[in-house]
Protein chains: 2
Amino acid sequence: MKVSTKGRYALRLMLDLAVYNTGRPISLKDVAKRQQISEKYLEQIISLLNKAGFVRSIRGPQGGYMLTKAPGEYTVGRILRLTEGDLAPVSCVEKDGMECERRQGCVTVRIWEQINEAVNSVVDHITLADMVEWQMEKADQYVI
Amino acid sequence: MKVSTKGRYALRLMLDLAVYNTGRPISLKDVAKRQQISEKYLEQIISLLNKAGFVRSIRGPQGGYMLTKAPGEYTVGRILRLTEGDLAPVSCVEKDGMECERRQGCVTVRIWEQINEAVNSVVDHITLADMVEWQMEKADQYVI
DNA sequence: ACAATTCATATTGAATAAGTCGGAATTAGG
DNA sequence: CCTAATTCCGACTTATTCAATATGAATTGT
């Protein structure tokens, strides 16, 4: 029941791009330094985000990445699902999951469905914009 | 974010013991047959449940296992946590989890906490007795 | 031209998942 | 007491996934 580093890093990566956005591309090197994550690993992760159109890339010196949309447009769910796959606790309740011949008599599936709904209702109602706001509040605390 | 077979099988195993309880021990062979799970693998799983006192074992011929408490006393959460460990989506929000030096500045932790609470509130409010009831309803549907 | 960047693919090492295997210990029934 | 059914125990295996590293090509601002 764990979220892998890939999903967690993706979230921090996207948050970093949102928080440090100045209208100019942000290099992975900077993100890696701030977030203390291997730059090489971030490359793999942002590649997914790039192909999915969540960010756009600018190559060459002074290049980097930028969000393609406003932070409020990215739910945590969309970011996590892109990197982690379906968040369902078992494959038989996934959106495009495997079908199971035991399904009709299976009682545990109700539990998995409820867990699935509970998780989704959390991640689909939090956006990057919320997280940026939290970040600002944190920052305020330390400035005072 | 998946529950492993170990946790899923443990749940079905406990449910089987609850549903087919007649006051006499139930052998793993029978459970394995009904649930279509490897008997050898079930041995490993029930060993955990046994050591935790969730079931008690009777050895020898006509031996097997029995629940030690009423089905209503077992929450899904307790069964899953025994086999899966803490259900938290990241270790830093586990009950006895690792501490993280990034913690104070970390914003994503709020998300993991909310997911954790959402999952716990599902699994800690469903008991084996509920599942037995669901099973009965299912059975009724097919008898009619 | 150079250096900073992204892009693409392959490889690695460790851990975990999901069992299987072989046999020892216990005990009810004949 | 013997036998067979059962639990109990630990080692082993096989495949997959995780979490990166490594290598180098392609692009482009200065």
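Since the structure is predicted, the reported quantities are computational estimates derived from the model, not experimental observations. First the proteins, then the strands, lettered A, B, ... as listed; each starts at 1.
Residue T5(A) places none of its side-chain N or O atoms closer than 4.0 Å to OP1 or OP2 of dC18(D). Side-chain N/O atoms of Y9(A) include one lying less than 4.0 angstrom from OP1 or OP2 on dA20(D). S27(B) has no side-chain polar atom (N or O) that falls below the 4.0 Å cut-off from OP1 or OP2 of dT7(D).
No side-chain heavy atom of I37(A) sits less than 4.5 Å from a side-chain heavy atom of D16(A). Taking the side chain as every heavy atom from C-beta outward, L80(A) and V76(A) approach each other to under 4.5 Å.
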Polar-atom pairs under 3.5 Å, protein N or O versus N or O of nucleotides 26-30 of chain D: list them with distances, or write none.
| from | atom 1 | to | atom 2 | distance (Å) |
| --- | --- | --- | --- | --- |
| dA26(D) | N3 | R59(A) | NH2 | 3.0 |
| dT27(D) | O4' | R59(A) | NH2 | 3.4 |

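Under the side-chain contact (heavy atoms from CB on, under 4.5 Å) criterion, K33(A) pairs with no residue, sequence neighbours left out. For A18(A), the side-chain contact (heavy atoms from CB on, under 4.5 Å) partners at least two apart in sequence or on another chain are L67(A), P71(A), L128(A), V132(A). In terms of the side-chain contact (heavy atoms from CB on, under 4.5 Å) criterion, R59(A) has no residue partners (sequence neighbours excluded). The ring-ring contact (aromatic ring centres under 6.0 Å, His included) check on Y9(A) picks up Y41(A), with sequence neighbours excluded. Among residues two or more places apart in sequence or in another chain, the salt bridge (charged side-chain N to carboxylate O under 4.0 Å, His left out) test is passed with E137(B) by R110(A). Judged as a side-chain contact (heavy atoms from CB on, under 4.5 Å), and not counting sequence neighbours, the contacts of A52(A) are F54(A), L82(A).
The local environment of CZ in R81(B) is crowded, with over 12 non-hydrogen atoms from other residues, nucleotides or ligands closer than 6.0 Å. Sparse packing is recorded around CZ of R56(B), with 12 or fewer heavy atoms of other residues, nucleotides or ligands lying under 6.0 Å away.
The stretch residues 87-100 of chain B participates, sequence neighbours left out, in these side chain to side chain donor-acceptor pair (under 3.5 Å) pairs: K2(A)-E94(B). Sequence neighbours left out, not one pair with a member in residues 99-123 of chain A passes ring-ring contact (aromatic ring centres under 6.0 Å, His included).
Think of the region where chain A sits on DNA chain C: with heavy atoms and a 4.0 Å cut, that region ends 5' and 3' at dA3(C) to dA10(C).
Each end of the helix from dA1(C)-dT30(D) to dG30(C)-dC1(D) gets its own rotation axis from five pairs of C1' atoms, and the angle between them is 0° to the nearest 10 degrees.
With rounding to whole Å, E84(A) atom CD is found 12 Å from dT17(D) atom C1'. Whole-Å rounding puts the K2(B) NZ to dT16(D) P distance at 17 Å.
For the contact set between residues 36-51 of chain B and DNA chain C, defined by any heavy atom under 4.0 Å, the members are S38(B), K40(B), Y41(B), Q44(B).
To the nearest 0.5 Å, atoms CD1 (I126(A)) and CG (L11(A)) are separated by 9.0 Å.
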